[in-house]
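Please read the structure below before turning to the comments.
These figures come from a predicted structure and were not determined experimentally.
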Amino acid sequence: MKKNLLFILFLSLFTTIQAQERWTIDKAKAWQAEQPWYLGCNFVPSTAINQLEMWQSATFDATTIDRELGFAQSIGINCARVFLHDLAYKQDPKGFLQRVDTFLSIADKHKIKIMLVFFDSVWDPFPYIGQQRDPRPGVHNSGWVQSPGKHALMDEKQYPRLEQYVKAVTKRFASDKRIMCWDVWNEPDNCNGRPNRDYEPENKIQLVTHLTAQAFGWIRSQKPIQPLTSGVWQANYATNPKIADLVKIQLEQSDIISFHSYGNGAEYEKLVNGLATSNRPMICTEFLARGNGCTFEEVLPVAKRLNTGAMCWGLVNGKTNTIYNWDSWKTPNTEEPKVWHHDIFRKDGTPYSVEEINFIKEIVKK
């Protein structure tokens with residue numbers, strides 16, 4: 001009896017370890033060989049200020065999502081990166097999963113594959129359920145919230161709740177071909193600028209490092225058919241000792257390598273070359289900062305030549321106010337900028353730049 005029990009425990013442990021193994025390079029390359037060249041966007045509907053307004057029942061806007069993903073399809077966008085939130089699941093687990101399914105169906109209708117993001121360390125550390133605040137006029141992403149928030153991040157008693165959220169979502173969609181990839185944690189080592197930095201835990205990097213490692217395991221335990229990733233984003237990611245352990249987890253646990261690039265084409269290529277030692281497929285999960293010289297015209301020719309997917313930040317100008325640059329946190333804009341920071345379309349589908357749209361369509365055809 002005791003031997004049988006020990007065997008069962010051993011088998012269970014062996015199965016868990018097997019389920020949590022990173023993809024081999026060959027498997028990652030085989031996956032890439034079956035994919036198109038991915039051109040995408042980070043998507044939140046124009047009617048949502050953040051992830052919670054996007055996913056809560058009272059404000060989930062399928063009509064707007066359908067219309068705006070139609071704009072994306074019309075210019076050749078074939079993937080989108082979309083942020084989830086642990087509190088939206090906590091509030092209404094069954095309804096949340098159903099809304100994700102509805103969203104995936106809309107995206108599939110427009111031939112757009114989805115990368116789902118579980119956690120995010122960027123902007124406001126105090127998320128809350130219910131009606132979200134109005135945007136601050138002229139301020140970039142003034143209502144975006146972290147997941148998990150500060151209180152959950154600092155409270156180990158809430159970690160089982162976070163684990164349940166990740167496993168439930170992954171289990172539901174583990175074999176769903178509408179999902180392109182799982183993004184475990186967005187910019188996990190981002191401690192933000194002021195005013196949000198003033199409220200961050202002093203040991204945030206340590207806490208997030210611990211949870212990121214666990215989150216990779218939580219997802220893998222559900223044996224998804226899709227690859228896992230978590231993108232590096234700081235230029236000094238390889239040399240900064242404060243983030244070295246976390247970046248090591250990101251790079252060594254990701255099945256495909258992802259990164260952010262807000263520089264010009266030459267800087268994009270430099271980042272790709274620096275990550276090439278992984279010998280794995282690569283995708284840039286954030287680019288586009290027109291005022292920084294990070295434009296479609298600069299980035300996309302390089303991305304396509306190097307066979308790396310590329311996903312701009314933003315699609316339709318809306319409540320996130322990401323047409324304004326990051327400095328608007330310090331000095332709010334009083335009028336629409338001549339050069340949009342992010343985003344491609346206005347709410348009615350009119351493009352920010354007709355020339356830019358024509359360029360995107362042409363490079364997709366090549």
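- Checked by atom type, the side-chain pair R346/N317 shows no donor-acceptor distance below 3.5 Å.
- No hydrogens or angles considered: a donor-acceptor pair under 3.5 Å links the side chains of W185 and S121.
- Taking the ring centroids of W218 and W182, they lie at or beyond the 6.0 Å cut-off.
- In this structure, the side chains of I256 and Q32 stay at 4.5 Å or more apart for every pair of heavy atoms.
- Using modelled atom types and a 3.5 Å distance limit, the side chains of K90 and Q158 yield no donor-acceptor pair.
- The shortest side-chain heavy-atom distance between I65 and F103 falls under the 4.5 Å cut-off.
- Taking a cutoff of 4.0 Å between a charged side-chain nitrogen and a carboxylate oxygen, E356 and R290 qualify as a salt bridge.
- Between Y262 and W313 there is a side-chain heavy-atom pair separated by less than 4.5 Å.
- With a 4.5 Å cut-off on side-chain heavy atoms, F118 and V184 do not count as touching.
- A donor-acceptor contact closer than 3.5 angstrom links the side chains of T47 and D61.
- Inspection of the D348 and T350 side chains reveals an N or O donor paired with an N or O acceptor under 3.5 Å.
- Between the side chains of Q214 and H210, at least one donor N or O sits under 3.5 Å from an acceptor N or O.
- Under the 3.5 Å distance criterion, the side-chain polar atoms of W55 are left unmatched by any main-chain donor or acceptor of F60.
- Side-chain atoms of T331 and D327, non-hydrogen and from C-beta on, never get closer than 4.5 Å to each other.
- V44 has its side chain out of reach of N50: every pair of non-hydrogen atoms, C-beta onward, lies at least 4.5 Å apart.
- R220 and D255 are joined by a salt bridge, as a carboxylate oxygen and a charged side-chain nitrogen come within less than 4.0 angstrom of each other.
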Working note: Q146 + K204, criterion side chain to side chain donor-acceptor pair (under 3.5 Å); need CA distance, chi angles, decisive distance, verdict. CA-CA 12 Å; Q146 296 184 35; K204 180 178 180 179; 3.2 Å; yes
Given R178 and D176, is the salt bridge (Lys or Arg N to Asp or Glu O under 4.0 Å) satisfied, shown in steps? CA-CA 5 Å; R178 298 172 297 180; D176 198 319; 2.6 Å; yes
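- I344 places none of its side-chain heavy atoms less than 4.5 Å from the side chain of F71.
- Looking at D189 and W233, their side chains do bring a donor and an acceptor atom within 3.5 Å of each other.
- Looking only at side-chain heavy atoms (C-beta outward), Q56 and L87 stay at 4.5 Å or farther from each other.
- The existence of a salt bridge linking E362 and K365 is confirmed by a sub-4.0 Å separation between a basic side-chain nitrogen and an acidic carboxylate oxygen.
- A donor-acceptor contact under 3.5 angstrom links the side chains of D66 and H110, judged on distance only.
- Side-chain polar atoms of D86 and S147 form a donor-acceptor pair below 3.5 angstrom.
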